[in-house]
Structures are given as C-alpha cells and as structure tokens.
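Chain letters run A, B, ... following the sequence lines, proteins first and then strands; every chain starts at 1.
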Number of protein chains: 4
Amino acid sequence: MGVIDSGGAAKSASGKMQGEKPGIILDAALELFRQYGYRRTSMEDIAGAANVAKGTLYIYFKSKDELFEALARRLAEQVGLNVREVLARDLPFEDKVLAVLDAKIGFAFRLVLSSPHAAELTAPTSQLPDDVFGPVDQELRASLAGLFRDAVKRGDVDLKAAGLTPEGAVDTLLAAAHGAEFGAKSEDDFHDRLTRIGRLTLRGLRADL
Amino acid sequence: MGVIDSGGAAKSASGKMQGEKPGIILDAALELFRQYGYRRTSMEDIAGAANVAKGTLYIYFKSKDELFEALARRLAEQVGLNVREVLARDLPFEDKVLAVLDAKIGFAFRLVLSSPHAAELTAPTSQLPDDVFGPVDQELRASLAGLFRDAVKRGDVDLKAAGLTPEGAVDTLLAAAHGAEFGAKSEDDFHDRLTRIGRLTLRGLRADL
Amino acid sequence: MGVIDSGGAAKSASGKMQGEKPGIILDAALELFRQYGYRRTSMEDIAGAANVAKGTLYIYFKSKDELFEALARRLAEQVGLNVREVLARDLPFEDKVLAVLDAKIGFAFRLVLSSPHAAELTAPTSQLPDDVFGPVDQELRASLAGLFRDAVKRGDVDLKAAGLTPEGAVDTLLAAAHGAEFGAKSEDDFHDRLTRIGRLTLRGLRADL
Amino acid sequence: MGVIDSGGAAKSASGKMQGEKPGIILDAALELFRQYGYRRTSMEDIAGAANVAKGTLYIYFKSKDELFEALARRLAEQVGLNVREVLARDLPFEDKVLAVLDAKIGFAFRLVLSSPHAAELTAPTSQLPDDVFGPVDQELRASLAGLFRDAVKRGDVDLKAAGLTPEGAVDTLLAAAHGAEFGAKSEDDFHDRLTRIGRLTLRGLRADL
DNA sequence: CATGAATGAGACTTCATTCAT
DNA sequence: TATGAATGAAGTCTCATTCAT
C-alpha cells in the first residue's frame with residue numbers, strides 16, 4: 001500500500017518479529033502524512049493505522065517530531081542506497097547524471113513530494129537537522145563532481161567556457177534539478193521536467209557546441 | 001519591521017487611517033509566520049503583534065486560513081506589479097529574463113522563502129486555490145514566451161536545436177529557476193544561484209554556440 | 001412576515017415614525033428567535049433584520065436579555081387585549097371558556113410555541129420576572145372563576161361533585177389546557193388538542209351527567 | 001448529590017470501576033444543568049464537578065450536545081423502567097392510570113422539569129431526535145390504551161359518550177397531564193395538579209355519571 | 001514491552017457590549 | 001440618536017503526552 005515497504009524483514013511463524021514495530025509505525029505514518037499532512041495526522045491515527053496503542057509510539061519515538069525525523073532519516077538512507085546503486089552502473093555521462101538526479105530527487109518525489117501536503121512534509125517544524133540529509137547530499141555531490149571531472153578530461157564537457165568549477169556545476173545542476181518538483185502534477189510530469197532541466201543544463205556545458 | 005511595508009498609506013494626524021487595519025494585521029502575520037511558522041503562530045500572537053484584539057482579526061478575516069490566503073493574495077499582487085515593472089524596462093534579452101526571474105522568484109524568496117518555515121508557508125493547509133498565484137503566473141509565462149520568440153527572430157536563441165517550443169523553454173527555465181530556492185542560505189546565496197541557473201539554462205539555448 | 005405585526009403605527013410621509021424603532025426591532029427579533037432560537041440569534045442578526053446598527057439596539061434595550069423581556073412583555077399585553085375582547089363577547093358558557101383558553105394559550109402558541117425553539121423561548125435565561133405574565137394571568141383566572149360561578153348558579157356546572165372550588169377548577173382547567181402545547185405538530189393539531197382537553201375537562205364538571 | 005444516582009455500580013477497593021465514568025459525568029452534568037441551565041454550564045464546569053479533566057468528557061461524548069442527548073437517553077430509559085414497573089402492579093383502574101402518569105411525567109419532573117431552567121433543558125438545541133423519548137412514549141400509550149379498553153369492557157368507562165377512541169382518550173389524557181408541569185412551584189404542588197387533572201379528566205369519561 | 005484512559009495546555013472562534021465619531 | 005469598528009471574556013474542542021496497570 002505504501003509507496004515503499006519498510007524494508008522487508010522476514011517474519012517469524014507468529015507473524016511478528018522483534019524490532020519490526022518501528023518500521024511498521026513509520027510505514028503507517030508516511031502513508032497518513034502523505035494523505036492528510038503532518039498536522040492533520042494525529043498520533044492516534046498513526047497508532048490506529050499501525051495497529052498498536054498510542055502509548056507504543058512513545059516507546060519507539062520520543063515525540064511526534066522525532067517520529068517524523070526518523071521517517072526522514074530512513075528516507076535519506078534509502079536515497080543513499082539508490083544513488084550508490086546508480087553510480088555503480090556502467091552508463092554514458094549524460095544518462096548517468098540524469099539517473100543520479102532521478103535516484104535522489106525522483107525517489108524523494110515519489111515518496112513525499114508527490115503528496116498534496118509535500119510542503120508541510122519537507123519539515124513540519126522548522127528545519128530538519130542537517131545531519132539527516134547532509135551526509136547523503138555530500139556524497140552525491142562528490143560523486144557527481146567526479147563524473148564532471150572525468151567528462152572534462154574526456155573533452156565532453158567544457159566548464160571553463162561557462163566559468164564554473166566542477167563543484168559549482170554540480171551545485172547549479174542540482175539546484176536546477178530540484179526545480180522540477182515545482183508544480184509537477186504527476187510522476188511522469190515530474191520526470192519529464194527533470195529530464196528537460198537536466199538536458200538543458202548539461203547542454204549549456206557541452207564542449208562540442 | 002516587515003520585509004515589505006503594507007502599501008504605505010499616508011497616516012493622518014491621529015495616526016489612524018480608514019482601511020489600514022487589514023494591512024497592519026497582514027504585516028504582523030507575515031512577520032510572525034516567517035519567524036515561527038504558520039502552526040506555531042496563534043491568532044492571539046498575530047493580534048498582539050498588530051496591536052488589536054483577537055476579535056478584530058475576525059472582522060477582517062473569517063478564519064486563520066483565510067487570513068493566510070489574503071496574505072498570499074497580497075504577495076501575488078505585489079509580484080505581479082514587480083514583474084510588469086521589469087518587463088517594461090529596456091534591457092538586453094538575457095538581463096531582462098534574469099530580471100524577470102528575480103522579480104518573481106526573488107521577490108517571493110525575500111518575503112517568504114527565506115524563512116526557516118518556508119515549507120509550511122507555501123501552503124499551510126493543503127493547497128492554496130490556483131486563482132491566487134495562477135493569474136500572475138500565466139501572465140509571466142506569456143511575457144517570457146514573447147521574449148523568447150523575439151530572441152529567436154533576432155537569431156540570438158535557437159530553440160529548435162534544443163527541441164523546445166517557446167512555452168516549453170519558459171516552463172523549463174522557470175522550473176530550473178525555482179530550484180534556486182533549495183538550500184539557499186541567504187539572499188545573496190539565493191541570488192547567485194538564480195543567476196547561475198538562469199545563465200546556464202540560457203546558455204544551453206544560445207544560437208551562437 | 002411576522003406572525004403578528006408590531007401594532008400598526010401610522011407611518012409619516014418619510015416612512016418613519018418617531019418611536020416605532022423599538023417595535024421594528026422586536027418584530028425582527030421575534031422572527032429570528034422563532035427561526036433560530038435565542039442563543040443562535042445574535043444581536044448582529046437582529047440589527048441586520050431590523051435595518052439598524054448594532055449599537056442602536058442598545059439605545060432601546062439594555063441587553064439581549066432585556067430585549068427578550070420586552071418581547072415577552074409585548075406579547076403579554078397582546079394576550080391581555082385578546083382575552084378581554086373574548087370575555088366581552090356574548091357566548092354560551094363552554095364556547096366562551098374554550099375561546100378564552102384559545103385567546104391565551106392559542107395566541108401564545110401561534111407566536112412562540114409553534115417554533116421549533118419554543119423551549120428556549122419560554123425563558124432563555126432562568127425565569128422571566130413574574131410581573132410579565134403574572135398580571136394577565138391573574139386577570140384571566142379571576143374572569144374564568146367568575147364564569148364558573150355563574151355556571152354553578154345556573155346549574156350547568158357542579159363543582160361540589162368534583163370537590164373543587166371555582167379557583168381550583170380554573171387552575172386545573174388552565175393547567176390541563178397548557179398540556180395542549182406538548183407535541184402539537186401544527187396549529188390545527190394544537191387547536192384540536194386544546195378543544196378536546198377543554199371539552200373533556202368541562203365534561204367532568206357538568207351537572208347534567 | 002444528584003436527584004438520582006447513576007445506577008449504583010459497586011466500587012472496588014481502589015475506588016475505580018470500569019465504565020462508571022460516563023455515569024459520573026452525566027450525574028454531574030444533570031446537577032449543573034438543573035442549577036444553571038444548559039448554556040450557562042460549560043464543559044469545564046462539568047469536568048470540574050465530575051472531577052475529571054476537560055478532555056475526558058470528549059472521550060465519552062463527542063460534543064456538549066451529545067452529552068446532553070446521552071443524558072436524555074438515560075432519563076428515557078429510567079422512565080421506561082418506571083412505567084413498566086407500575087404497569088405490572090395490581091391496582092384499580094384509576095389508581096393505575098394516575099400511577100402511570102406519575103411514573104412518566106412525575107419522574108421527569110423531579111429530574112428535570114422542577115429546575116428553573118426546565119425550558120432550556122427540554123432540548124437545548126432545537127429538538128432531540130424522536131428516537132430518544134419516542135419508543136418509551138409509544139409503549140406507554142399502547143399500555144394506557146389497553147387499560148382503557150379493559151375499563152370499557154368492564155363498563156367503568158364510556159368513551160362513546162365523549163366521542164373518543166381509546167387512543168384519542170390516551171392522547172388527550174397525556175396532553176392534559178403534561179399541563180401539570182406549568183407553573184408547578186414544588187414537587188407536591190406538581191403532584192396535586194397532576195392528580196387533579198387526571199381525576200377530572202377520567203371523571204369526564206366515567207360511565208356511571 | 002504494550003496499553004489506552006486521562007490529562008490539560010492551547011487553539012480557534014463567537015458575540016454581547018462599549019464608545020468615539 | 002445612530003453607527004459599526006473594536007473589544008476580550010468565554011466557550012468548545014483537539015491532541016501530544018503521560019502513566020498506572
């Protein structure tokens with residue numbers, strides 16, 4: 001039912017598994033947050049959807065905000081895995097860059113941003129601590145910068161003409177790519193935008209023009 | 001105090017002015033929403049900041065959500081004025097496009113998006129009615145498309161090479177430009193990003209490469 | 001529009017008449033109280049229906065409760081007039097008694113009790129001062145007792161057999177008659193009940209049985 | 001403290017008893033409603049009187065109106081029990097009829113109608129759903145009609161002379177009896193009226209006159 | 001670990017009443 | 001007199017969190 005499952009822990013004969021409760025709770029929470037938004041989803045709702053008592057939520061998560069943070073953390077982990085998997089693939093430069101963008105931004109879009117309550121879910125209370133998405137982001141940026149460096153060496157890309165360092169190019173590309181989320185009506189719509197933005201940006205960096 | 005004043009109605013000697021209350025209230029609300037977010041700002045807080053009684057808020061706005069909508073509507077109006085003003089200026093193509101982007105996205109950034117609670121402020125309850133920002137957006141897109149058509153005629157821009165229509169180019173450009181908001185730490189940071197994204201995108205559309 | 005008009009003060013050429021405002025306000029209030037009940041009718045509503053400003057209500061009535069009391073007082077006056085008019089008619093005993101009951105209880109029913117909010121209108125805040133309906137009631141009771149005395153003299157009625165004084169008979173008759181209000185679905189229904197109750201009660205007092 | 005206790009569940013040593021809370025709350029509410037009326041009694045007041053927190057009220061009753069309805073429903077149940085108990089007794093016709101009237105109307109009077117705020121308590125917001133008192137009322141009417149039929153068979157009562165069916169007689173009797181509530185100053189006063197009205201009405205139906 | 005009844009601060013909203021114009 | 005903007009006490013209801021079992 002959810003966009004993504006909780007990780008597929010094997011179940012014992014009794015159907016229960018020590019330690020799977022938090023995952024079940026987070027699955028239920030994500031589902032409800034996507035449907036009703038953060039504010040309109042009560043702890044009671046989450047408990048109900050996860051088939052546990054309200055008090056149980058507080059055994060695993062100190063507060064509603066912390067539950068949300070755990071959700072974000074899990075998402076960040078999944079994004080990290082995705083990105084690493086794509087980077088390991090053998091793909092042409094442009095395809096790989098686009099695939100990486102999709103692995104990060106597209107994944108997040110499908111899980112969270114496609115919800116009508118995306119805005120609220122980006123961070124219900126002020127900002128999420130940087131250590132949630134920061135590490136994944138740094139890793140991603142470093143990898144993309146490496147791809148750009150290789151492309152420059154190969155002569156496919158000319159950053160000098162655009163007056164950018166590899167890191168600057170990555171930063172600009174990522175920022176632009178994030179713009180794909182705005183006003184995307186569906187996943188396909190989002191994907192089209194992301195591709196167009198990525199292509200157009202990369203085109204501005206091409207050496208062969 | 002606010003990022004922008006409420007319209008600058010001249011005050012009479014008594015310090016009162018017919019019809020200025022809603023503006024004062026919205027100013028106070030914007031200030032607080034930016035500081036504490038929508039949820040954490042109570043109607044009581046707004047009333048206090050606007051130096052009126054709680055009940056007074058309900059004379060001008062039916063509910064908290066409607067107050068927020070009025071705020072958004074006022075912002076949209078201001079954006080519309082800004083954009084029109086920029087379009088009327090005599091500027092080179094690229095400068096004008098960048099100026100238009102700044103007039104829209106930059107203005108919104110300064111007023112709302114630079115807040116740590118930007119996400120929540122985009123739309124506290126699900127989505128704002130399309131009629132708030134829709135008209136301004138349409139107008140903006142049509143104007144930009146016109147600029148692109150002129151540039152194509154002059155031979156400055158080659159959309160065919162990028163496989164885009166003027167509207168498609170505008171859509172992609174705007175989407176990419178919106179990405180500047182992500183992770184911008186300051187207004188200058190934001191402006192840099194916006195410029196870099198705009199330049200790089202336009203570079204991908206140049207005919208002279 | 002109302003069940004009863006405010007007294008039919010002649011209007012001057014300008015359509016206004018000094019001193020008619022209170023009547024207009026009470027008319028509007030009665031109409032609204034009947035429709036929405038006392039609590040659900042705000043002073044604002046009354047002012048609007050009477051085409052005056054809210055503040056104007058407080059010129060004529062100190063408070064909402066006092067406005068209600070004035071309404072009750074006016075109704076009591078009208079009931080008094082009605083009853084006196086019926087008493088002055090030349091009618092057979094039973095017909096006259098029934099007519100008197102209708103003049104009092106029926107009149108009130110049409111004005112107030114037929115409303116779905118009758119319960120609330122009987123006295124929105126605790127009890128109305130006795131001096132509102134008390135005098136009318138005393139007058140009515142005295143008159144009815146007189147009618148009974150005459151009937152006893154004529155030999156039409158035998159109170160001794162029922163063990164009642166004229167006043168006791170009147171009291172019982174009036175109490176029973178008030179029961180007609182309970183669960184009456186329409187004015188006709190109410191009138192039928194009132195008649196049946198009156199007839200049956202009087203039948204129990206007849207000398208000729 | 002209350003006019004009637006909540007059902008008298010035995011308390012365990014700890015003073016707690018599963019499921020007794022709603023009863024305690026209703027007891028407290030009835031007490032306050034009788035003293036101050038529905039409007040003037042706040043949920044906070046009820047909570048205080050029941051020694052629970054405000055939120056607890058909402059665990060058992062969705063809203064203030066629903067709490068009131070539950071109160072009415074409980075009263076209706078008690079009336080039903082009372083009436084059935086009286087009907088089961090072996091009593092002469094007139095005594096039984098009077099006892100039934102007292103079991104219904106008298107009981108309600110003692111619980112609610114004797115309050116100075118009785119009017120408001122009959123139904124704070126428009127009308128209570130018919131299914132609250134309707135069933136009890138139907139049962140009562142059917143039983144009384146049966147009593148009348150038996151009395152007619154025995155020759156004690158002559159409905160034909162009064163032009164009434166058993167149901168019509170019951171309807172008229174009940175309506176008249178309800179009139180006893182009006183202006184009753186005390187329970188004794190009320191009881192006297194009820195008896196006089198009942199006697200007089202039944203007298204009008206006697207066959208032996 | 002698990003439960004869910006209980007809590008109570010806090011939010012939004014209404015509206016009778018006042019008062020400067 | 002008349003107005004209606006402004007007030008603020010009071011009310012209903014929600015819900016994150018706690019804790020005895």
Rounded to whole Å, how long is the line connecting atom [atom1] of [X] with atom [atom2] of [N]?
| X | N | atom1 | atom2 | result |
| --- | --- | --- | --- | --- |
| B:M43 | E:dC15 | CE | C1' | 16 Å |
| B:I59 | E:dT13 | CD1 | P | 15 Å |
| B:L57 | E:dA11 | CG | P | 14 Å |
| D:I24 | E:dA6 | CD1 | C1' | 13 Å |
| B:R40 | E:dA9 | CZ | P | 18 Å |
| B:D65 | E:dT13 | CG | P | 7 Å |
| D:L32 | F:dG11 | CG | C1' | 15 Å |
| B:Y58 | F:dA9 | OH | C1' | 15 Å |

Of A:G55 and C:G55, whose nearest nucleotide on DNA chain E comes first from the 5' end? A:G55

On DNA chain E, does the nearest nucleotide to B:K64 precede the nearest nucleotide to A:E44 from the 5' side, or the other way round? Give the residue. A:E44

[N] phosphate, OP1 or OP2, under 4.0 Å from [X] side-chain N/O:
| X | N | answer |
| --- | --- | --- |
| A:T56 | E:dT3 | yes |
| C:Y60 | F:dA2 | yes |
| D:K21 | E:dA6 | yes |

Among E:dT14, F:dA5, F:dT3, the nucleotide that comes nearest once only the side chain of C:V52 is considered: F:dT3

Give a yes or no on whether D:E66 atom CD has more than 12 heavy-atom contacts from other residues, nucleotides or ligands under 6.0 Å away. yes

Could you check whether atom CD of C:Q35 has more than 12 heavy atoms from other residues, nucleotides or ligands sitting under 6.0 Å from it? yes

If you pin D:S42 and C:A53 to their nearest nucleotides in DNA chain F, which one's is more 5'? C:A53

Which base sits across from [N] as a Watson-Crick or G-U pair, both distances under 3.5 Å?
| N | answer |
| --- | --- |
| F:dT21 | E:dA2 |
| E:dT7 | F:dA16 |
| F:dA9 | E:dT14 |

Under 4.0 Å between any heavy atoms, over every strand shown, what does A:K54 touch: base, sugar-phosphate, or nothing? Just pick one. base

Which heavy atom of C:A76 sits nearest to which heavy atom of C:V132, and what is that distance? CB-O, 3.4 Å

In whole angstrom, give me the gap between the P atoms of E:dC1 and F:dT21. 22 Å

In this structure, CD1 of D:I25 is separated from CG of D:L30 (nearest 0.5 Å) by 13.5 Å

Please determine whether a side-chain nitrogen of the Lys or Arg among A:R73 and A:E69 lies less than 4.0 Å from a carboxylate oxygen of the Asp or Glu. yes

